[in-house]
Amino acid sequence: MKHLFPLGLRLALVALGLVAGCTSRPSKEPPIRVRWTRDPESLDPLLLANQYATEAANLLHLSLLQVDFSKNDFSPALAEALPTVTLLGDSLTQLTYQLRQAAAWDNGQPITGHDVALTLKLMYCPGLPNESARAQAGFIRSIRIDSLNPKRFTLTCQGQAVEHIQASGDFFILPETVLDPQHELRPTSLSELQKRPPTTPPDSALSRLARRYLAAVPMPGSPAPALGCGPYELSSWQKNQTLRLRRKTRWWADQVRPRPFVLQAQPRRLEFAIIPDDATAALALQHGDIDLYPQVSAAQFAQLRASETTREQLAFYTAPSYDIVAAGFNTQQPALADGPTRRALSYLFDAAGLLQATQFGQGLRTVGLIHPNDQRNYNRSLSLLPFAPDTAALLLRRAGWQQTTPRGPWQRQPKAGARQQLRLRFRYRADDASFETMALQFRAAAASVGIAVELLPTAAAALTPNLQAGDFDVYVRLIKGNPFLFNFIPVLHSSARGAGNFTGYGTPASDQLIEAIAAARQPAQRSRLLQQFQATLRTDAPVVPLFFMATRLAASRQLAGLHVSHLKPGYLVTTMERKPASFPTP
Amino acid sequence: MVKQWLWRLGQTAVGIWLLVSLVFLLSHLGPVQGDDALLPAAGDLNTTSTPSSFAQRQATRRAVQHRLGLDQPVFYLSWQPATDTTSGCWSWHGLSNQYHHWLLSTVHGDLGTSLGSREPVARQLWQALVYTLPLVGITLLGTLLLAWQLAERLAMQPRWQPLLQAALTGLQALPLFAIALALLLLLANPSVAAWFPPYGLGQATPAELGWGLWISTYAYHATLPALSLMLSVLPAVTLQLAGALRDELAQPYTATAYAKGLSQPQVIRRHALRNALLPSLTQLTDLLPTLVAGTLVVEVVFALPGMGRLLVQAATTRDYPLLVGGVLLIGTARLLALLLADVLYGWADPRIR
């Protein structure tokens with residue numbers, strides 16, 4: 001072996017390491033480096049492909065309202081205050097915004113209602129990937145800009161849902177000076193664009209707008225001018241490798257005093273390192289190549305915490321998350337169409353055991369879709385569902401099911417229709433071992449009472465289409481939630497069957513209750529309705545909420561100002577700073 | 001002779017066209033379509049407003065399909081299933097179909113744009129190849145030279161032959177991910193030996209560092225990925241070539257060579273090697289597509305931005321233009337590698353021509 005690795009070669013490797021090691025330590029303050037698992041894929045503010053794209057866009061752009069991690073609610077960002085609400089008749093809402101006086105683009109031009117109007121018109125410009133944005137902001141029917149004060153404008157919205165207030169301010173504002181410098185779109189109203197059939201060929205003004213927009217959207221490897229009015233600009237983007245942002249030297253919000261939490265931007269440079277493998281990310285954190293490792297898996301978190309070598313070097317954080325792991329039943333299947341059967345099967349999930357096995361106990365069990373920390377809305381009169389296969393068998397008999405032999409299959413004869421057999425197909429995401437554990441636990445519990453379960457591990461991209469098509473009997477999946485939205489229409493209303501209501505659940509009473517929750521304006525009234533809703537879900541059991549997840553982060557102790565949040569991505573990068581002694585002065 | 005090779009090249013071109021056409025059609029016939037990834041997430045409670053009803057979602061889907069041209073028929077003809085009033089039949093769609101547009105663009109050198117990012121496919125493939133080609137190319141070349149040296153020595157049956165052969169056989173039994181993870185956990189782990197960086201190829205550019213320092217940084221970062229690849233390829237090539245050389249050295253013609261007064265290394269290089277190369281040539285040309293396909297496992301473990309990750313990402317997000325472009329590139333490399341194997345066979349053994 002001496003011939004293979006002679007001393008010279010070994011010395012060369014060491015020298016290489018020393019040279020490379022020296023060159024990788026710059027003399028100025030290093031950036032704050034955060035681990036991402038995948039590339040953002042697109043930084044197009046109209047089409048954010050994944051969570052990382054959203055995270056980057058939140059640093060490059062600003063909305064009228066932004067999620068405020070300190071309050072777990074929306075706060076004014078570009079807007080000076082939350083909008084003034086005026087209800088018109090019983091179907092329209094007017095929201096009046098005033099933009100901050102200091103709000104300006106990088107070239108010093110003030111941000112006005114005309115920029116907001118152009119952004120809304122972009123959502124109807126043919127040839128742009130604006131379909132999702134259009135669907136989300138489609139309730140805004142018109143915009144009227146104050147002729148005396150262009151920073152003041154009024155949005156007229158279809159409907160009177162409480163969420164319109166938040167949704168009306170939740171899109172990134174783009175500059176008219178860059179995208180429509182000649183103001184060609186000003187004479188065209190928003191409603192004219194909305195009425196335009198999608199197949200109509202675009203006129204020249206719209207074509208030019210689309211061309212300018214597409215040219216302004218950054219691509220990996222090519223520098224693009226800063227399009228947004230956020231605190232950061234793109235420094236470099238190497239696909240599947242790194243995304244680097246640098247703080248604008250002159251950002252309009254630096255003039256705002258006192259500085260609101262949503263307009264904080266401390267780090268001078270940010271670097272997002274795309275590291276797909278968890279083990280590599282953990283080593284990179286220990287090696288000092290990254291400063292923050294968010295969304296650490298439970299096993300990795302426990303391993304890092306237990307390590308003697310990392311304990312002094314790293315800080316560990318956990319916070320409750322609003323993402324909930326839930327099972328669901330296909331209520332459109334004849335055998336699962338009745339609540340008593342679904343309720344019986346709910347007892348076959350060992351939620352406590354699964355929380356321990358998959359999350360090392362970090363997380364919170366729940367009775368419904370409301371977080372147990374939500375003191376006002378969580379229904380404490382309901383008890384946590386126990387793991388009780390015997391109870392499941394008992395309730396199945398009460399629901400009309402019978403076994404021909406003690407361990408034989410369950411059958412029942414409905415009053416009308418063919419004889420039913422209780423055999424279940426269980427669908428889950430194949431790329432997550434936690435879901436596989438849950439599927440295996442359910443299958444074992446079901447087998448103990450004589451129910452056959454076929455497992456259907458499914459690729460992540462294929463899961464939603466399969467669930468929408470109703471190709472399952474039981475599923476388990478993660479439902480992403482947040483603390484300030486109580487709109488269950490996309491998930492459990494009968495109008496959302498085939499879309500986001502995978503279970504196909506929905507009765508006239510439940511639909512009415514869900515609509516009442518969405519429309520409730522008084523907290524007390526909403527609380528009462530939410531408690532009633534949790535009780536209804538327990539009885540009807542279309543979904544079985546198992547537990548709320550926890551957010552786990554590991555970070556270098558050199559970081560200060562790390563703000564851990566319940567909300568995605570679990571941390572706020574803009575408040576972070578490197579402790580002064582942690583880098584050499586130039 | 002030229003006519004024969006032109007014929008072979010033509011066959012290869014037809015093979016590539018058939019392969020890519022098949023991938024194009026199969027990818028468009030699956031239950032999950034490319035526009036699924038571009039629609040707003042369904043079934044979550046964290047957005048302020050989503051198209052909640054089935055009708056709204058379908059309208060959004062139709063708009064996405066219209067923009068991307070996915071609302072056109074996939075192929076020139078399609079099977080229309082029977083309905084209550086009509087029986088099933090084939091339907092002709094003319095030239096206005098997705099396959100025809102894709103074929104025309106590809107023939108003109110345009111591989112299209114990615115569905116999600118709208119980045120040109122050719123540009124994405126090139127950016128990934130810039131990382132994959134040098135790393136895999138230099139590693140494979142180094143591995144082959146090392147394998148050649150090792151095989152020659154093993155064929156001479158020195159005293160340490162059984163030991164090295166056992167070690168190589170053991171190494172061959174290890175999957176690539178195990179080798180890569182073992183190297184990572186042993187040589188880039190602050191708890192054991194943090195001799196190498198755990199990920200990436202160095203974040204600085206040549207412009208920032210200067211070429212000399214950039215190359216040393218690159219080499220330092222590339223050591224573990226290259227070593228992983230080398231250790232996974234080396235045993236198979238070495239053991240195969242060493243075995244073939246031993247077989248050749250047992251042939252009577254080598255006795256004549258020895259009788260002429262040649263030493264064993266000379267007998268191997270001048271006589272036995274060329275005859276022993278035939279099976280190894282197939283093995284070597286099999287490795288060539290890796291140059292453009294990348295090695296997913298190494299790229300994931302060491303967070304390298306290569307072709308493997310790009311194509312897996314394309315497959316998981318159903319980005320069909322990128323996926324088909326990647327298959328076209330890899331398929332071309334594979335079929336050209338087979339062609340090269342035929343050429344090399346003819347060179348190594350003129351009786352085959």
Side-chain angles (χ1 to χ4, degrees), chain A residues 13 16-17 19-20 23-24 41-42 47 49 127 129 131-132 135-136 139 163 166-167 170 198-199 219-221 238-242 273-277 279-280 283-284 286-287 289 307 309 369 460-462 464-465 468 479-482 485 488-491 493 495-500 502, chain B residues 31-32 36-54 56-57 60 63-64 66-67 116-119 124 127 181 184-185 188-191 194-200 202-204 209 213 216-217 219-221 223 300-303 305 309-310 313 316-318:
Chain A
L13 270 177
L16 198 64
V19 171
T23 56
S24 64
E41 291 170 32
S42 159
L47 179 71
E131 301 84 6
S132 296
Q136 289 180 7
F139 66 93
E163 285 163 3
Q166 294 155 346
D170 190 19
T199 47
M219 293 278 177
Q238 292 164 291
K239 195 175 174 75
N240 279 332
Q241 197 175 6
T242 50
I274 296 146
I275 307 175
D277 188 66
T280 314
L283 290 178
Q286 295 172 55
H287 204 264
D289 290 338
S307 165
T309 49
L369 295 171
T464 297
Q468 283 172 331
I479 301 175
K480 293 174 186 164
N482 73 32
L485 288 178
F488 299 96
I489 293 174
V491 176
H493 196 277
S495 67
R497 283 181 191 140
F502 303 142
Chain B
V32 183
D36 278 317
L38 305 178
L39 295 173
D44 284 328
L45 294 166
N46 63 338
T47 49
T48 46
S49 172
T50 54
S52 56
S53 77
F54 180 67
Q56 283 173 310
R57 197 169 175 83
T60 307
V64 173
H66 179 70
R67 175 170 58 82
S117 66
R118 298 189 320 279
E119 201 183 348
Q124 289 194 67
Q127 283 179 345
L181 275 177
L184 184 78
L185 294 172
N189 188 348
S191 306
W195 294 350
F196 294 96
Y199 82 99
Q203 309 305 326
L209 289 182
L213 286 178
S216 69
T217 308
Y220 180 50
H221 281 79
T223 305
V300 168
V301 170
F302 296 102
R309 273 172 73 195
L310 183 72
Q313 201 170 300
T316 51
T317 56
R318 301 299 196 268

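Protein chains get the first letters and strands the later ones, always in sequence-line order, with residue 1 at the start of each. Here the structure is a predicted model, which means the values were calculated and not measured.
Between B:Pro190 and A:Leu283, the closest side-chain pair of non-hydrogen atoms falls below 4.5 Å. Side chains of B:Ser191 and A:Gln286 form a contact here, defined as non-hydrogen atoms less than 4.5 Å apart. A:Ile479 is listed as a side-chain neighbour of B:Leu45, based on a closest heavy-atom distance under 4.5 Å.
Looking at B:Leu310, the atoms closer than 4.5 Å to chain A (heavy atoms on both sides) sit in the backbone and in the side chain alike. Of the atoms belonging to A:Ile275, heavy atoms from both backbone and side chain fall under 4.5 Å from chain B. For A:Ala49, no part sits under 4.5 Å from any heavy atom of chain B, backbone or side chain.
Residues that satisfy the side chain to side chain contact (heavy atoms under 4.5 Å, CB included) test with B:Gln127, not counting sequence neighbours, are A:Pro220, B:Glu119, B:Arg123. The side chain to side chain donor-acceptor pair (under 3.5 Å) check on A:Thr280 picks up A:Asp277, with sequence neighbours excluded.
Taking all atoms of both residues into account, the shortest heavy-atom contact from B:Ala42 to A:Ala499 is CB-O, 3.9 Å. Pairing each heavy atom of A:Met219 with each of B:Arg118, the nearest pair is CE-O, 3.7 Å. Of all non-hydrogen atoms in A:His287 and B:Ala188, the two that sit nearest each other are CD2-O, 4.4 Å. When all heavy atoms of A:Ser132 and B:Thr60 are compared, the closest pair comes out as N-CG2, 4.4 Å. Taking every heavy atom of both residues into account, B:Tyr199 and A:Ala273 meet most closely at OH-CB, 3.5 Å.
One N or O on the side chain of B:Arg309 and one on the backbone of A:Asn240 form a donor-acceptor pair closer than 3.5 Å.
Of the residues considered (B:Pro198, B:Ala303, B:Ala194, B:Ala63), B:Pro198 shows the highest number of contacts with chain A, using heavy-atom pairs under 4.5 Å. Contacts with chain B were tallied for A:Gly498, A:Ser42, A:Pro276, A:Ala460; A:Pro276 has the most, counting heavy-atom pairs under 4.5 Å.
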